[in-house]
*Asks:* 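I have a structure I would like to understand better, so I am pasting it below and will then ask my questions one at a time.
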Amino acid sequence: MSALVPLGATGAPLGSLPPVSLAGRARFAVSDAWALALRVLLYYRHSPGLIAASLLAPLTMLLIFGYIFGSAIQVPGDAGYREYLMPGLFTLIAANGIMPSMTGAARDAGRGVTDRLRTMPISRAAALFGQTAADLVVSAVVLAMLLGLGLAFGWRAHDGLSHAAAGVTLLLLFRFVTNWIGVGLGLAIGREDTAAQLSVLVFPLAMVTNVFVPTAGMPAWLRVIAEWNPISAVAAAARHLFGNEVPRTAAVAWPLEHPVTAALAWSVLLLAVFIPLSVRAFATHGR
């Protein structure tokens with residue numbers, strides 16, 4: 001009597017099943033990413049205060065800088081300071097992707113969720129893509145809310161719908177980039193409390209930029225840092241695409257001279273660095 005051989009879905013023995021094609025692997029990876037994205041979205045659904053908190057920081061900055069300090073801040077041109085400020089605040093929404101992603105990844109690592117996911121037959125990259133994609137959906141909602149507030153406060157995009165759509169797309173791309181940076185840092189830290197404490201360091205990174213004021217008035221050494229900060233390139237690109245640029249009063253570094261190209265280059269470079277590092281950190285966590 002021959003031994004029983006377990007059969008696969010096709011009726012062939014499991015040991016002789018043909019290898020999964022590249023297209024099949026891609027379908028499985030997308031399915032895994034979608035399932036894990038739903039997990040994160042459900043977390044936001046049961047914690048709506050997190051979305052409100054994401055909007056609170058730029059709204060506070062709008063009130064403080066736009067209506068308190070803004071009366072004493074002069075920018076070149078006739079558009080006014082709030083026209084200059086709003087694209088910077090949109091960029092701040094994108095840059096703040098580091099904090100929730102870092103804290104969330106560290107929380108999952110510290111509570112053993114990452115180890116449980118690693119034992120499941122899922123794509124390592126898909127697990128992280130699901131998390132970053134879900135945060136991107138939430139970020140799009142927050143950005144849409146801030147755009148609406150900007151319109152209510154008198155801000156306008158002056159270069160047409162296509163340029164405005166390109167500006168929004170660029171901001172969401174950079175948010176995706178900062179999500180991956182946060183995931184990589186969170187997995188490296190591995191402790192939620194430590195990640196929460198270190199997240200305050202993101203704020204100075206966003207301040208040494210052109211988000212709130214032009215770089216022309218900064219000391220020379222600080223100006224170099226600000227002009228080569230990726231956040232400055234994205235803010236300048238957003239102003240260019242929304243039609244909120246101000247006349248330059250001095251020469252600027254290459255990233256601000258070609259802001260859209262620089263923002264895209266920074267995004268590609270940072271993704272090329274942090275996606276492999278994050279996937280490797282996820283796959284080797286706890287070893």
Side-chain angles (χ1 to χ4, degrees), residues 57-99 143 146-147 150 153-159 163-164 166-175 177-178 181 200-270:
L59 180 57
T60 302
M61 295 297 177
L62 173 60
L63 295 175
I64 293 175
F65 283 89
Y67 289 91
I68 299 176
F69 298 155
S71 59
I73 298 176
Q74 299 295 324
V75 296
D78 302 324
Y81 177 66
R82 282 193 290 275
E83 283 279 309
Y84 177 90
L85 176 65
M86 287 307 304
L89 294 181
F90 301 151
T91 305
L92 193 63
I93 288 282
N96 282 345
I98 295 177
M99 294 185 286
L143 180 59
L146 187 59
L147 283 165
F153 282 116
W155 168 82
R156 295 293 184 270
H158 300 293
D159 279 355
H163 282 81
V168 171
T169 302
L170 181 64
L171 291 168
L172 291 177
L173 170 63
F174 193 64
R175 176 73 184 213
V177 172
T178 58
I181 295 174
V200 300
L201 298 178
V202 177
F203 185 69
L205 180 66
M207 291 297 292
V208 186
T209 63
N210 63 355
V211 165
F212 297 106
V213 294
T215 59
M218 298 180 181
W221 65 271
L222 189 62
R223 181 180 176 182
V224 172
I225 296 173
E227 291 184 342
W228 285 91
N229 189 325
I231 298 174
S232 291
V234 176
R239 292 187 181 104
H240 173 74
L241 293 170
F242 288 129
N244 301 136
E245 283 184 295
V246 299
R248 298 193 185 106
T249 58
V252 294
W254 183 88
L256 300 191
E257 186 73 32
H258 308 278
V260 176
T261 302
L264 292 173
W266 273 119
S267 298
V268 171
L269 175 62
L270 291 171

*Asks:* Go through His158 and Phe242 one step at a time and tell me if the side-chain contact (heavy atoms from CB on, under 4.5 Å) criterion holds.
*Replies:* CA-CA 6 Å; His158 300 293; Phe242 288 129; over 6 Å; no
*Asks:* Could you check whether any side-chain heavy atom of Leu85 comes within less than 4.5 Å of a side-chain heavy atom of Val211, counting everything from C-beta outward?
*Replies:* no
*Asks:* Indicate whether any N or O donor in one side chain lies under 3.5 Å from an N or O acceptor in the other, for Glu227 and Thr215.
*Replies:* yes
*Asks:* Would you call Val260 and His240 a side-chain contact if the rule is heavy atoms closer than 4.5 Å?
*Replies:* yes
*Asks:* Walk me through it: do Phe90 and Trp155 pass the test ring pair (Phe, Tyr, Trp, His ring centres under 6.0 Å)?
*Replies:* CA-CA 12 Å; Phe90 301 151; Trp155 168 82; 5.1 Å; yes
*Asks:* Measure the CG-CG distance between Leu146 and Leu89 for me, rounded to the nearest 0.5 Å.
*Replies:* 6.0 Å
*Asks:* Relative to Phe153, does Arg82 satisfy both conditions: NZ or CZ under 6.0 angstrom from the six-membered ring centre, and within 45 degrees of the ring's axis?
*Replies:* no
*Asks:* Measure the shortest side-chain to side-chain distance between Val208 and Met218 over non-hydrogen atoms and say whether it is less than 4.5 angstrom.
*Replies:* no
*Asks:* Is a side-chain N or O of His258 found less than 3.5 angstrom from the main chain of Trp254, in a donor-acceptor match?
*Replies:* no
*Asks:* Could you tell me which non-hydrogen atom of Leu170 sits nearest to which non-hydrogen atom of Ala237, and how far apart they are?
*Replies:* CD2-CB, 3.4 Å
*Asks:* Between Phe174 and Ile93, is there a side-chain heavy-atom distance shorter than 4.5 Å?
*Replies:* no
*Asks:* Counting N and O atoms only, with roles assigned by atom type, does the side chain of Arg239 sit under 3.5 Å from a partner on the main chain of Tyr84, one being a donor and the other an acceptor?
*Replies:* yes
*Asks:* Please determine whether side-chain contact (heavy atoms from CB on, under 4.5 Å) holds for the pair Glu257 and Arg248, giving the CA-CA distance in whole Å, both sets of side-chain angles, and the decisive distance to 0.1 Å.
*Replies:* CA-CA 10 Å; Glu257 186 73 32; Arg248 298 193 185 106; 3.7 Å; yes
*Asks:* Might you point out which heavy atoms bring Ala233 and Ala262 nearest each other, and give the distance in Å?
*Replies:* CB-CB, 4.0 Å
*Asks:* Would you find a donor on one side and an acceptor on the other, under 3.5 Å apart, between the side chain of Thr209 and the backbone of Ala226?
*Replies:* no
*Asks:* side-chain contact (heavy atoms from CB on, under 4.5 Å), that's the test. Do Asn96 and Thr178 meet it? Break it down for me.
*Replies:* CA-CA 7 Å; Asn96 282 345; Thr178 58; over 6 Å; no
*Asks:* Can you confirm whether Val168 sits close enough to Leu147 that some side-chain heavy atom of one is under 4.5 Å from a side-chain heavy atom of the other?
*Replies:* yes
*Asks:* Do you know which two heavy atoms are closest between Ala238 and Leu171, and how far apart they sit?
*Replies:* CB-CD2, 4.3 Å
*Asks:* Which pair of non-hydrogen atoms, one from Gly243 and one from Asp159, has the smallest distance, and what is that distance?
*Replies:* CA-OD2, 3.5 Å
*Asks:* What are the two closest non-hydrogen atoms of Asn210 and Ala235, and how far apart are they?
*Replies:* OD1-CB, 3.4 Å
*Asks:* A side-chain contact here means heavy atoms from C-beta on lying under 4.5 Å apart; do Asn229 and Ile225 qualify?
*Replies:* no
*Asks:* With rounding to the nearest 0.5 angstrom, report the CD1 to CE distance, Ile181 to Met99.
*Replies:* 12.5 Å
*Asks:* Below 30° counts as parallel, above 60° as perpendicular, anything between as tilted: where do the rings of Phe65 and Phe212 land?
*Replies:* parallel
*Asks:* Given the rule in the side-chain contact (heavy atoms from CB on, under 4.5 Å) test, do Glu83 and Val75 qualify, once you have shown the distances and angles that lead to the verdict?
*Replies:* CA-CA 10 Å; Glu83 283 279 309; Val75 296; over 6 Å; no
